[in-house]
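One structure is given below, encoded as structure tokens.
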Amino acid sequence: MRNKTISLDIIGQMCPACLLLALKEINRNKGLLRSGKANLIVKTDHRDATRTIPGAASAMGYAVSVAKKETHYEIKIEQKNEDENT
Amino acid sequence: MKTKTLKGKSRRPDGYEKTLKENKLLHQYIRKKVNQLLTIMGTKPLNSRGLRDEGIIAIDPIGIISESFGQVLEHLKESNRQLRIARDHLQAVFDTAGVCISIVDRDLKILKCNEKQKELLAKNASGIMGRHCYRVYCGIDSPPLSCPAIETLETGRPVFIKEITKKGKVFQIVTSPLKNGDGTVEGVIEVSMDITEKKKAEDAMRHTEKLASIGQLAAGIAHELNTPLGNIIGYTKLVLQDQAIAQEQKTKLEVIAEQANVGSKIIRGLLDFSHQKKPVLEKFSLNTLIRRVADSLQDTFTAGNIRIIRSLERVPSLQADPNQIEQVIYNIIINAVHALEGRDGIIKIKSRTMKNEVEFSIQDNGPGIPKAHINRIFDPFFTTKPVGKGTGLGLSICTGIIQEHGGSIYVESAPGKGATFTVRLPYKPKTLCGG
Ligand SMILES: Nc1ncnc2c1ncn2[C@@H]1O[C@H](COP(=O)(O)OP(=O)(O)O)[C@@H](O)[C@H]1O
Ligand SMILES: [Mg+2]
């Protein structure tokens, strides 16, 4: 992978806080994420967060994918592919 | 110090209770608003167990969410911009496509159509949108029996029509179903291509091919017939020289020879038509040629009271095949004579110089050519004359000759007003080399 991976571990966090923490991280790295220089991986064990975080992130125009690991989920947030927009 | 102050209730400054109460209200307000925002973001509200009032201020959820909304808005704006560009591109494609495109709903009412569609089939129609497509495009009050759009609506499948005539134009049509998200057919996309010109060209091509094969057949037959006819004429002449033959017999033999000659002439026409020879170019004076043909014909037709008038301007000498040009002049004058049918008539022959061409015209004051015939008189075998008098090949041979010379021939006529045939020839045809 060419771009940098920023990791956010919110395992053990409660639901609404999960979303807020993830949003905060997205906001903070907005420039890197939007330009495709970095992607963000959010680790959470909260099932609801795998719905709310992707929902919010894609409304903000990011590409989101969720992977299930053994003990947690990994939500990957990155720049949206150009041709998906046009 | 702090603990002490908290313990000693009476030592609290004035207004402390009030401030505490106000702070509480403020916290409640913030929590309520944060929860509202969180609900919009699709998550559960924060309860006081999950995050205490102090924490809610520290995390700054409103700040986070508003910044996120900023990003949502940015994304929306960008998506919108791109949608608009995509729409503009599509519209441009839609409008500049060389085919007619229309979208109709389940009732065959027009929802959208492109410029080409308007131009070809709805030129003077007002308020196209919302009207039935069969009314606007086909000019009829109910859908035609085999309407491809109806078939597509019923079957959900595209329908192709190879050829259909609408308002005097020939079209090829494809109708495809317009499906909505769940796959139901909401309407039909009609795409039609104007193939009128293509069809005309194809017809002309077929016509030419037919003529070519007729020509070949005719040439074959003519060639085979020429020899026996030649023998008939030859032997008839031989027998005629025999002194012992009675006059009565001689007259009959002369008829045989004459008729054989007529046959031979027809055959020569056919041969001329089918293998038109390449012109053999020579420098000559067109006016001199016209005078010679006109004089010889004038002698033949003075009996019929036909006058040939010449009005010849100085023209540059031609580089052309004099025999072939003579044949053209001869054919046109003979046609004029036939058209005058022995009545008193005038045939006017003019010549003049055009830009790069020499022009001559032959005008008569005969009955003229009916509108229905004017496009066909140059076709081979088109004749209005009785069998034996006309073969219908004269003008088509003329056309062939003039085209070979790189020139043009056309006719102007109105019924009752005579006919004028005009021929234009380049001084020096570039495409040909002289012989
Ligand atoms: N000057 C004319 N006036 C009226 N009709 C004419 C004239 N010239 C030609 N036509 C029409 O064009 C037809 C075709 O002429 P042409 O090709 O020379 O064949 P043909 O003379 O054997 O009929 C004629 O049969 C006649 O109907
Ligand atoms: Mg003729």
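Convention: sequence-line order gives letters A, B, ...; per-chain numbering from 1.
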*Identify the heavy atoms of B/Gln71 and A/Asn27 that sit nearest to each other, and give their distance.*
NE2-OD1, 3.0 Å
*Would the number of heavy atoms belonging to other residues, nucleotides or ligands and lying under 6.0 Å from CG of B/Asp14 be above 12?*
no
*asked:* More than 12 heavy atoms of other residues, nucleotides or ligands under 6.0 Å from OH of B/Tyr29: yes or no?
replied: no
*Just do the side chain to side chain contact (heavy atoms under 4.5 Å, CB included) check on B/Asp60 and A/Leu20 with the steps written out, would you?*
CA-CA 9 Å; B/Asp60 184 25; A/Leu20 286 175; over 6 Å; no
_Separation of A/Lys80 NZ from B/His75 NE2 (nearest 0.5 Å)_ = 4.5 Å
*In Å and rounded to the nearest 0.5 Å, what is the CD1 to CG distance from B/Ile64 to A/Leu21?*
6.5 Å
*Taking 4.0 angstrom as the limit, do B/Glu74 and A/Arg34 come out as a salt bridge?*
yes
_Please determine whether the number of non-hydrogen atoms from other residues, nucleotides or ligands lying under 6.0 Å from atom NZ of B/Lys200 exceeds 12._
no
*Is the number of heavy atoms from other residues, nucleotides or ligands under 6.0 Å of B/Arg157 CZ greater than 12?*
no
*asked:* Counting only heavy atoms from other residues, nucleotides and ligands, does the tally under 6.0 Å from NZ of B/Lys166 exceed 12?
replied: yes
